[in-house]
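Residue numbers start from 1 in every chain, and the chains themselves are labelled A, B, ... in the order their sequence lines are given, proteins ahead of strands.
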Number of protein chains: 2
Amino acid sequence: MVIDFRPVLFIIGVLTSTFGPLLLLCALVDLAAGNPDWQTFVITAMLVMGCGVLLSVAHWGAPLKLSLRQGFMLTVLSWVALSLVGALPLYFSDYGISFTDAVFESVSGITTTGSTVLVGLDDMAPGLLMWRGLLNWVGGLGVIAMGIILLPFLRISGMQLFKMESSDVGNKATARIVDMVRQIAFVYVGFTAASVMLLLLGGVSFLDAVVHSFAAIATGGFSTHDASIGWFQSYYVEAVLVTGMLIGSLTFPLMIQVFHGRPRLLFTDEQTVFYLKLIAFVVFVVSFWRIASTDEEPLAIIWSSLFNIVSVISTTGFVSEDYVSWGAFPETVFIMITLFGGCTGSTSGGLKAFRLLILLKVMHNQLLTRLQPHRVVRVTYGDRVVDDEVIRSISAFVWMTLFAVGVFTVLLSSTGLDFVTSLSSVMQAIANVGPGIGPVVGPAGNFSSLPDLAKWVLSFCMLLGRLEIVVVIVVLLPSYWDR
Amino acid sequence: MVIDFRPVLFIIGVLTSTFGPLLLLCALVDLAAGNPDWQTFVITAMLVMGCGVLLSVAHWGAPLKLSLRQGFMLTVLSWVALSLVGALPLYFSDYGISFTDAVFESVSGITTTGSTVLVGLDDMAPGLLMWRGLLNWVGGLGVIAMGIILLPFLRISGMQLFKMESSDVGNKATARIVDMVRQIAFVYVGFTAASVMLLLLGGVSFLDAVVHSFAAIATGGFSTHDASIGWFQSYYVEAVLVTGMLIGSLTFPLMIQVFHGRPRLLFTDEQTVFYLKLIAFVVFVVSFWRIASTDEEPLAIIWSSLFNIVSVISTTGFVSEDYVSWGAFPETVFIMITLFGGCTGSTSGGLKAFRLLILLKVMHNQLLTRLQPHRVVRVTYGDRVVDDEVIRSISAFVWMTLFAVGVFTVLLSSTGLDFVTSLSSVMQAIANVGPGIGPVVGPAGNFSSLPDLAKWVLSFCMLLGRLEIVVVIVVLLPSYWDR
Ligand SMILES: [K+]
Ligand SMILES: [K+]
């Protein structure tokens, strides 16, 4: 059986076309700033829309009901295609960005990772900075959509547990999905707008307000300054952005219910509560250690711990201080929390609070049944029983994540990078966080000095992590192409 | 229900008493060398035998059929008690070893970890060096016995798969277990004797030959030289010991079958084949990288890679060269393989080839069933189907290992140790390997300079890893003490 890729290519054509108007928006930004770069954006927009429309028209009329195989391919190809499209304005710009760097930056943007290979952001054309922000923002919306529609359908990484809510078959279900996506988009835009307003009120420039709001809600982490949020030196800006990052890492379908008059859900939803407690715990431990071992102002310590820990656990990757310089203990904690991630159905990456919670419950059950061999203990989540298939799926996802971290860390270190740089780079890429650890890729550094091979490996890791690993490997299996 | 610990204490009394003759053996060694330390050993022996016999007599006549709860407590208490007993001659010696150091060294010896806090081994009394070797050797035998009798009975870490072979209930089964332990002890002594002979033939001194043979077969790794095996500068010695380490990390029940006229089993047993292939693969990759990036003699590179990689994967921890100085890539590989471990039913620690293999199969099955949701794929091992209970048990064991690595790495770094030192120390302790990575605890260093708190944490980790983690946590659960 040859797999019919026509509907996949049709959808990718449509998605690609939507980048046209976004590119034109950046052209407008550059035009308004009197920057000649606007012409690059217009040409790229024409090119992208042309190709996208051509691709759609060429595969017009294909049946749009996707099979499993088509679903997997669509998920992989759409992220790859949009990453390449996103790289074009960077590659065509006047900053001499290499093809490798352009692809790295674009993948990093659209997967909401936020690692950067660009140095001198503060002096760059506003259109290009806006484009990076848009990649984060559009990527974030794509992540939510993928998480609530495609992953449950493909039964990936335990997301099938959320299938009954949003991904049943039939027309009624489709209508409900469309309605939910519409509502989520509305909420997403709303939160972004609120964040922009608050930043403008705080005296932040328009471009900075927009790009940082994009990057916060999308848990993307791209900034317009090399020093990231540290540039502002403002508690107010940090407070707005820490709220944005937190919101971006919460479950959006849940947020819709909250807006439909059920605000208590935020404090009763098991994942959300666990996630917030986890953050509180980590902030407490790091603050405690720092207060005990330095002379800094306790409140300043707690605040900077809170900001940067929320930034990493939510997988945003904003940096307000060089936290690697806080000492060995915070450094170790920051490496350990890199893979955690936010909530499912959010814009964040990583393993996610839901899966960490289920794994803790599975471990606890195992311990209980050691003493009572015939006792059957079920894993529950909220008011439901989590069946074995979901647990197996979650386990496999986490194994594969750790396996990928191991393999790619070894691969990266073969290019001469030290262990900590290799490990933290791969971890942050797979969890779509942004900064790594150490003098090169740490919060005070960036990825520009890495060898090209390392940049390609990390680009692959960012996509791998964003696609919950399993999706990518399935498409690479021989049995995917058999029959 | 109060748990009846009488049979547990009776058995521990018996086990403790057996250390008396071993201590007297060390007294003889010191006496023969004209070292006054022999008196310390005699006094300690009297003390230990006295206490052991008293403990046994006090709990004489308790029914010896153990319940699950008693089994867990016996497993934990016997290792703790023997660790403390093992520390006595070190603490009482003339070398000013602190209580912390004595306990660390003893735990490290008896769990066959082989990390050392002693500096100046080359000039130490032969009795004390022999004592360290004996701790390794006796510990190794204890590990095999625990692995084939207690862990299947307690259904820990997937070992229940091997239950039918060796741990059924009933008198006939008991007789079979006793017979198997007898045969294993015979094989264990035989291999050790062979190794001693070969080393003596190679011109190695008697003490060195015995202690290193003990440490190789037990995958313990204690040496009589600060420079470990690097001191000998002899391919012959390395060849004998690399064979010893490999044998120590293979399944002993399998070895018995091999001696009963089924030698082909060594090349058909799934775990053994996977384990040997894994070693070959890692040796190939590291050798390839080193040959490509240095000017050293290729054969010398392959040999030193083989020796030190076998040493780490078998969890022995002998060192023939400072492999951290080989570069970033080998360093990263050495960290990654620290948790691997040898085969089940051997003297080695770590996750073990069997579990890595099952996890790879589980991941592969998950990938296959993504495309065919209704296909049922069973995990097989050899000619059997591995049931879900075993897979859950293996998963939980590996999760808890990784969880423990995370928690204790953070804890260790709170004492001021850097990330790599903390991580590698904890990993090697939990996997009972021996050396860590980095300038302090790496192959060229040792654990003497670590703060006391770190030494206690690592001592706990060594026991935790040796007891497959679950055993320790079960005893610490409130529900263990309930009812
Ligand atoms: K990010
Ligand atoms: K060892």
What residue, out of [options], has the most heavy-atom pairs lying under 4.5 Å from chain B?
options	value
A:V285, A:N365, A:V398	A:V398
A:R370, A:M363, A:E389, A:E331	A:R370
A:L477, A:V333, A:I335, A:T369	A:I335

What residue in B:S393, B:G327, B:S293 has the most heavy-atom pairs under 4.5 Å with chain A?
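Top count of heavy-atom pairs under 4.5 Å with chain A: B:S393.
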Determine the option with the most heavy-atom pairs under 4.5 angstrom with chain A, choosing from B:P330, B:S67, B:S414.
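Winner by heavy-atom pair count: B:S414.
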Chain A contact via [X] - which portion, at a heavy-atom distance below 4.5 Å:
X	value
B:F397	neither
B:W289	side chain
B:V471	neither
B:L360	side chain

Under 6.0 Å from the CZ atom of A:F288, do we count more than 12 heavy atoms belonging to anything else shown?
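Open.
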Validation row: [X], [Y] side chains within 4.5 angstrom (heavy atoms):
X	Y	result
A:R392	B:D388	yes
A:F419	B:F334	no
B:L359	A:F403	no
B:M400	A:L367	yes

I need the [X] [atom1] to [Y] [atom2] distance, nearest 0.5 Å.
X	Y	atom1	atom2	result
A:H364	B:S479	NE2	OG	6.5 Å
B:L423	A:L423	CG	CG	7.5 Å
A:T332	B:L411	OG1	CG	11.0 Å

Distance-minimising heavy-atom pair for [X] and [Y]:
X	Y	value
A:M336	B:G406	SD-CA, 3.9 Å
B:A396	A:Q366	CB-CG, 3.3 Å
A:L371	B:Y480	CD1-CA, 3.6 Å
A:A328	B:G416	CB-O, 4.0 Å

Given that the side chain runs from C-beta out, which part of [X] has a heavy atom under 4.5 Å from chain B: side chain, backbone, both or neither?
X	answer
A:V362	neither
A:L154	backbone
A:L417	backbone

